[in-house]
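For reference, the structure is listed below as structure tokens.
Fair warning: this is a prediction, and the values are worked out from it, not measured in the lab.
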Amino acid sequence: MHTVIVSGGNIQEDFALSFLKEVPWDKLIAADRGLEFLWGRGIMPTHIVGDFDSSDPTVLERYRGCPEIQIRTFNPVKDATDTQIAVELALELGSAKITILGGMGSRLDHTLGNVQTLALALEAGVECELLDEKNRVRLIQTPLTIKREEQYGDYISLLPLTSVVKGVNLIGFKYPLTNHTFTSAGSAGFGVSNEILGEEGRIELSEGIFILIEARD
């Protein structure tokens, strides 16, 4: 089951509408201010979650008039962000894949918090991604092969989420590595803006978790 979460960050309208139209999904969760984006485009979510401290209360009341939509309201004084609550709900629903739209934006603290939230899905063995028109962000802790024709953009960057990522081999990349160790301090230059040379690139690691960013200019 594929669940899409529309969060309250920056959303490029044409990209988001195209994604929701062309990519099959089963559940659609609006997280707090994300419900305003959906309401303004006539799109009905299956679930709504959040504290709604930054959303238009009139939009929420209109959604309350739709009994088929499940709404979960949380106290603004809580231990989780709205996006994290939405990911937890997606996992509860039995999602096999989660895509988060609007999870990146001008608030760097929210963006980094949402990157960390991906770890909840990783721990559960569920594929989860932050997606916008320029970037696709995932976490990996096991070897991964990326086909060049399927990659999201032209560039691939690897940044350690854990303090250390060991045994890193990059095969088929412009900047290859063999048995390299990344640390959270001072090793970004080895992982930023790499490119696949042939038909595919393979990322191998023996310990730790990488933030994998596929990006386009």
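A chain of hydrophobic side-chain contacts below 4.5 Å, direct or via other Ile, Leu, Val, Met, Phe, Trp or Tyr residues, connects Val23 to Val4. Note on Ile5 and Met1: same hydrophobic cluster, where clusters join Ile, Leu, Val, Met, Phe, Trp and Tyr whose side-chain heavy atoms are under 4.5 Å apart, directly or indirectly. Hydrophobic clustering keeps Ile171 apart from Phe173 (ILVMFWY residues linked when any side-chain heavy atoms are closer than 4.5 Å, directly or through intermediates). A continuous path of hydrophobic side-chain contacts links Phe190 to Val168 [ILVMFWY only; heavy atoms under 4.5 Å].
For the pair Pro45 and Ile69, the tightest heavy-atom approach, listed with the atom from each and the gap, is O-CG1, 3.3 Å. Contact detail for Ile29 and Ala86: the closest heavy-atom pair is CD1-O, 3.7 Å. Smallest separation of non-hydrogen atoms from Gly102 and Ile11: CA-CG1, 3.6 Å. For Ala215 against Asn135, the heavy-atom pair with the smallest separation is CB-OD1, 3.5 Å. Counting all heavy atoms, side chain and backbone alike, Leu38 lies closest to Ala30 at CD1-CB, 3.8 Å.
No hydrogens or angles considered: a donor-acceptor pair under 3.5 Å links the side chains of Ser7 and Thr83.
Note that the CG atom of Leu93 and the CD1 atom of Ile98 stand 9.0 Å from one another [nearest 0.5 Å]. To the nearest 0.5 Å, atom CG of residue Asp26 and atom OG of residue Ser95 are 8.0 Å apart. The CD1 atom of Ile211 lies 8.0 Å from the CG atom of Leu112; values are rounded to the nearest 0.5 Å. To the nearest 0.5 Å, atom SG of residue Cys128 and atom CG of residue Leu122 are 9.5 Å apart. Rounding to the nearest 0.5 Å places CD of Glu123 at 13.0 Å from CG of Leu118. Separating the CE atom in Met104 from the NZ atom in Lys134 is a distance of 12.0 Å, to the nearest 0.5 Å.
Contact annotation: the side chain of Asp217 approaches that of Tyr155 to within less than 4.5 Å [non-hydrogen atoms, C-beta and beyond]. Contact of the Asn10 side chain with the Asp132 side chain is not registered, since no non-hydrogen atoms from C-beta on lie closer than 4.5 Å.
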Is there a side-chain contact (heavy atoms from CB on, under 4.5 Å) between Thr111 and Val137 once you walk through the steps?
CA-CA 11 Å; Thr111 300; Val137 183; over 6 Å; no
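Partners of Asp154 according to the side chain to side chain contact (heavy atoms under 4.5 Å, CB included) rule, which considers only residues two or more places apart in sequence or in another chain, do not exist here. In this structure, the side chain to side chain contact (heavy atoms under 4.5 Å, CB included) partners of Arg41, at least two apart in sequence or on a different chain, are Glu13, Leu17, Phe37, Ile43. In this structure, Asn194 has no side chain to side chain donor-acceptor pair (under 3.5 Å) partners at least two apart in sequence or on a different chain. Under the rule for a side chain to side chain donor-acceptor pair (under 3.5 Å), the partners of Glu129 that lie at least two apart in sequence or sit in another chain are Thr99, Arg136. For Glu92, the side chain to side chain contact (heavy atoms under 4.5 Å, CB included) partners two or more places apart in sequence, or in a different chain, are Arg72, Leu89. Partners of Phe210 under the ring pair (Phe, Tyr, Trp, His ring centres under 6.0 Å) rule, at least two apart in sequence or in another chain, are Phe182. Shown here are the side chain to side chain contact (heavy atoms under 4.5 Å, CB included) partners of Phe15, two or more places apart in sequence or in another chain: Gln12, Leu101, Leu131, Glu133, Tyr152.
Judged as a side-chain hydrogen bond (donor to acceptor under 3.5 Å, both in side chains), the pairs with a partner in residues 15-25 (not counting sequence neighbours) are, in order, Ser18-Glu22. Contacts classified as salt bridge (charged side-chain N to carboxylate O under 4.0 Å, His left out) and involving residues 101-116 (residues at least two apart or in different chains) are given here: Arg107-Asp109. Sorted by first then second residue, the salt bridge (charged side-chain N to carboxylate O under 4.0 Å, His left out) pairs that include residues 169-181, not counting sequence neighbours, are Lys174-Glu195.
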Could you pull out every donor-acceptor pair under 3.5 Å between side chains of residues 138-150 and any protein atom, sequence neighbours left out?
residue, atom, partner, partner atom, Å
Arg138, NH2, Glu214, OE2, 2.7
Thr145, OG1, Arg202, NH1, 2.8
Arg148, NH1, Leu197, O, 3.0

Could you pull out all donor-acceptor pairs under 3.5 Å where a side-chain atom in residues 156-166 meets a protein atom, sequence neighbours excluded?
residue, atom, partner, partner atom, Å
Ser157, OG, Ser193, N, 2.8
Thr162, OG1, Val164, O, 3.0
Thr162, OG1, Ile209, N, 3.0

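Looking at Thr46, its side chain never comes within 3.5 Å of a backbone N or O of Lys27 through a donor-acceptor pair. In terms of modelled atom types and a separation under 3.5 Å, the side chain of His110 and the main chain of Gly105 share no donor-acceptor contact.
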